Number of protein chains: 4
Amino acid sequence: MKAKIKQQSILLFEQKGFSETSIQDIVDVLGVTKGTFYYYFPSKEQLLMDIHSNYIDDLLRRQEAIQETEMYNREKLQAIVELLIGDIQDHGPSARVFFREMRHLASENAEKVKKKREQFRLNIEKLISQGIEEGEFRNEMPPDIVAFAILGVTNWSYQWFNPNGEISAERLAAIYSDLILNGIT
Amino acid sequence: MKAKIKQQSILLFEQKGFSETSIQDIVDVLGVTKGTFYYYFPSKEQLLMDIHSNYIDDLLRRQEAIQETEMYNREKLQAIVELLIGDIQDHGPSARVFFREMRHLASENAEKVKKKREQFRLNIEKLISQGIEEGEFRNEMPPDIVAFAILGVTNWSYQWFNPNGEISAERLAAIYSDLILNGIT
Amino acid sequence: MKAKIKQQSILLFEQKGFSETSIQDIVDVLGVTKGTFYYYFPSKEQLLMDIHSNYIDDLLRRQEAIQETEMYNREKLQAIVELLIGDIQDHGPSARVFFREMRHLASENAEKVKKKREQFRLNIEKLISQGIEEGEFRNEMPPDIVAFAILGVTNWSYQWFNPNGEISAERLAAIYSDLILNGIT
Amino acid sequence: MKAKIKQQSILLFEQKGFSETSIQDIVDVLGVTKGTFYYYFPSKEQLLMDIHSNYIDDLLRRQEAIQETEMYNREKLQAIVELLIGDIQDHGPSARVFFREMRHLASENAEKVKKKREQFRLNIEKLISQGIEEGEFRNEMPPDIVAFAILGVTNWSYQWFNPNGEISAERLAAIYSDLILNGIT
DNA sequence: AATGAATGAGTTTTCATTCAT
DNA sequence: GATGAATGAAAACTCATTCAT
């Protein structure tokens, strides 16, 4: 039941937004009562925090798996772009909730999530720095800004990209990797 | 008064979000009463619509001014990137409200704004198509996807870029133009 | 309306207790809606604080008026007993709410009220000390304990005394004054 | 377990009040679940009734033991004052719950407790009447009112008296007995 | 003897909006 | 132009109680 609630909430939060989704909305879909919700979650915010934690922890884990492999930096970068774009297909709703609703976490929770989010970004930054050092990438590009650019390109995709549309996630990832690598090489 | 209300609302919506900002919050800052608000605006949503209209209309006007000049496509693209990044400095709060709170417009209003937003994007797309036709840009890049990439890079900046920080808006615009043009050339 | 709400609340709090009286109960009696309640009071607790403040401030004021007169200490004591017993008739409900529901004030408010309540007690204590010094009362009686005894006797009356019953408030006050003065003289 | 629940409940009811203490609060302290509570008690109110019954039955029993001895009425009165003040030390929490939370008993239970409580008071009244008849006490004092005064003085002590403080329960009982006996003799 | 899942009716509080003045 | 009183619908959350296991 706890899992069902989380899953339905993600869908509703994605469609209507966190503030606009009431506990009533959530439990109505599941055919249970508000009491049930509060049996499993101490508050609406804690549910959101659970969703956020799940999402970012999973993403970080997969990013670190990439970083630990033996590949060229440019290949790792490509893999991360694929990871992010591919996620639209697999965890689109979770991701959109993650990007949009972090503001509704209370300060302490927000802080925790923010740190992990920054960790993800810094990992990309490190990759670029290494690429520059090892001569793979142009050295006049500030690594932090390039990292923000990559996140901008990929994260913005969550707002428009339809993985069941004309062009596939793989193709989009390929185009973006090409664009970025061409841009920084 | 109407202008004052709009201006204060933008700041509050930016800080706390549309749903989390009450009419009471707005009028408190101005030292007036709720009645006053409803004398100037028929509803909270109409206020949001006004903010959105102002923002997107202004942006479109300035984009069209660029498009009408006699420049290379790559120069126009650069000018648009500058326009968007420069706006963080000049209209940051408006912009952030625009990106984040569009969801709170009722269907009819949302539609209008969405059309203009798409118009902005299609104008960029057109620019890229022309650049490809005229041999300025690589022809293996789908123009629509490149347009989304440009918007991603620039719009994402609203989330992290501090125009009073170490690096200036002009410098950031230059870096991003370089990155993009290098990527697609 | 604010006054009406306060007055009705006192009656309901007296009958059913603070926790057992809902805002709905209060506004139902007055034929208005919950919104109206919150137009006048920021919270249920603040209403209780208002009631408490009104009551204790008034009592302290009247006590101090007695203390400032030129009378024997024993006469002043008598006057205070009359004040307290007479209050059952005039402000019985307020008084009962005051005695019973202080616990529901949040710490900060509770502190303020507690201080004033102690002031009232200390004023009685002072009176007794003076009476002992001036030879009016027995000196083997600890003034603080006597003060508690007086408050015990009078405050307990709020729990059983019916001013419209067989014996009048004046008569009860006279009996208690006699009892106490005889006890400490 | 039943005894443990009762005992913990008394402490919690004393600290936070009956309404403010949830079944969850009680079982949390004991490390069991709500089901356990309902295995032993049919309702929250019945638990309160148990607490009340225990307390008042015990008190009545001990009062009657005093009444059956061969002593002067004034000595019996003294013994009852000692009984009540001494109880602050031994059963303070039970007593405070008894005084404060009787209101939460449903009508039928409330009636039963009220009767016993009145019995206790009437026993004191009878003692005073006998004392007057036998010439021990002044005859201008109405026995019922004197009984209320005694209860006022002693019961009020539950609100301020700390048996581990400077003055002992025995000493307080002695002072109060002196005060009362002097007052009515 | 005890648990864990679920309920349903209730609680305080919020807030966009209306409207007579 | 602006106010102040009032509304009504909904929000998040609480909790005594039930019951199958």
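By convention in this document, chain letters (A, B, ...) are assigned in the order of the sequence lines, proteins followed by strands, and residues within each chain are numbered from 1. As the structure is a prediction and not an experimental result, all values here were calculated from the model. The figures that follow rest on heavy atoms only: side chains count, while hydrogens, waters and symmetry mates do not.
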Point to revise | A:Q24 and A:V27, any side-chain heavy atoms less than 4.5 Å apart | key: yes
Practice item. Please determine which of C:L12, C:I88, C:L11 meets the side chain to side chain contact (heavy atoms under 4.5 Å, CB included) test together with C:P93. Key: C:L11
Check your understanding: Using a cut-off of less than 4.0 Å, is there contact between a side-chain N or O of C:Y39 and OP1 or OP2 of F:dA6?
Key -> no
Exercise for review: Going by the salt bridge (charged side-chain N to carboxylate O under 4.0 Å, His left out) test, name the single residue among D:K34, D:K44, D:K16 that passes it with D:D25.
Suggested key: D:K16
Point to revise | Closest to side chain of C:T33, choosing from F:dT3, F:dC13, F:dG8 | key: F:dG8
Review point. Does the side chain of A:E108 come within less than 4.5 Å of A:E111's, by heavy atoms?
Key: no
Revision key, fill the gap. For F:dT3, the nucleotide meeting Watson-Crick or G-U wobble distances (both under 3.5 Å) is E:dA20
Check your understanding: Which one is paired to F:dA10, where only Watson-Crick or G-U wobble pairs with both distances under 3.5 angstrom count?
Key -> E:dT13
Check your understanding: Between D:Y55 and D:F98, how do the two ring planes meet: parallel, tilted or perpendicular, split at 30° and 60°?
Key -> tilted
Practice item. Within residues 15-31 of chain B, find the residues that approach DNA chain E with a heavy atom at under 4.0 Å, and present them sorted by residue number. Key: B:T21, B:S22, B:I23
Revision key, fill the gap. Between B:G35 and D:M1, the residue closer to the 5' end of DNA chain E by nearest nucleotide is D:M1
Practice item. For C:L47 and E:dT13, give me the distance from atom CG to atom C1', rounded to whole Å. Key: 14 Å
Revision key, fill the gap. Testing F:dG1, F:dT3, E:dA6 for proximity to the side chain of A:Y40, the answer is E:dA6
Exercise for review: With salt bridge (Lys or Arg N to Asp or Glu O under 4.0 Å) as the test, would you mind laying out the steps for C:E101 and D:R100 before giving the verdict?
Suggested key: CA-CA 10 Å; C:E101 314 291 357; D:R100 252 179 13 200; over 6 Å; no
Check your understanding: C:E45 has an atom CD; how far is it from atom C1' of E:dT13, in whole Å?
Key -> 14 Å
Practice item. Among the candidates F:dA6, E:dT3, F:dG1, find the nucleotide nearest to the side-chain atoms of D:T36. Key: E:dT3
**Study point:** Nearest-angstrom distance from the residue atom NZ of C:K34 to C1' of E:dG10
**Key:** 10 Å
Check your understanding: Have C:H104 and D:E20 got a donor and an acceptor in their side chains that come within less than 3.5 Å?
Key -> yes
Review point. Between E:dT7, F:dT17, E:dT17, which nucleotide gets closest to the side-chain atoms of D:K44?
Key: F:dT17
Point to revise | Rounded interatomic separation in angstrom, taking CZ from C:F37 and C1' from E:dT14 | key: 14 Å
Point to revise | Base-pairing mate for F:dC15 - Watson-Crick or G-U, with both contacts under 3.5 Å | key: E:dG8
Check your understanding: Counting only side-chain N and O atoms of A:Y38, is one of them less than 4.0 Å from OP1 or OP2 of E:dT7?
Key -> no
Practice item. Starting at atom NZ of B:K2, determine the distance to atom P of F:dA2, rounded to an integer number of angstrom. Key: 13 Å
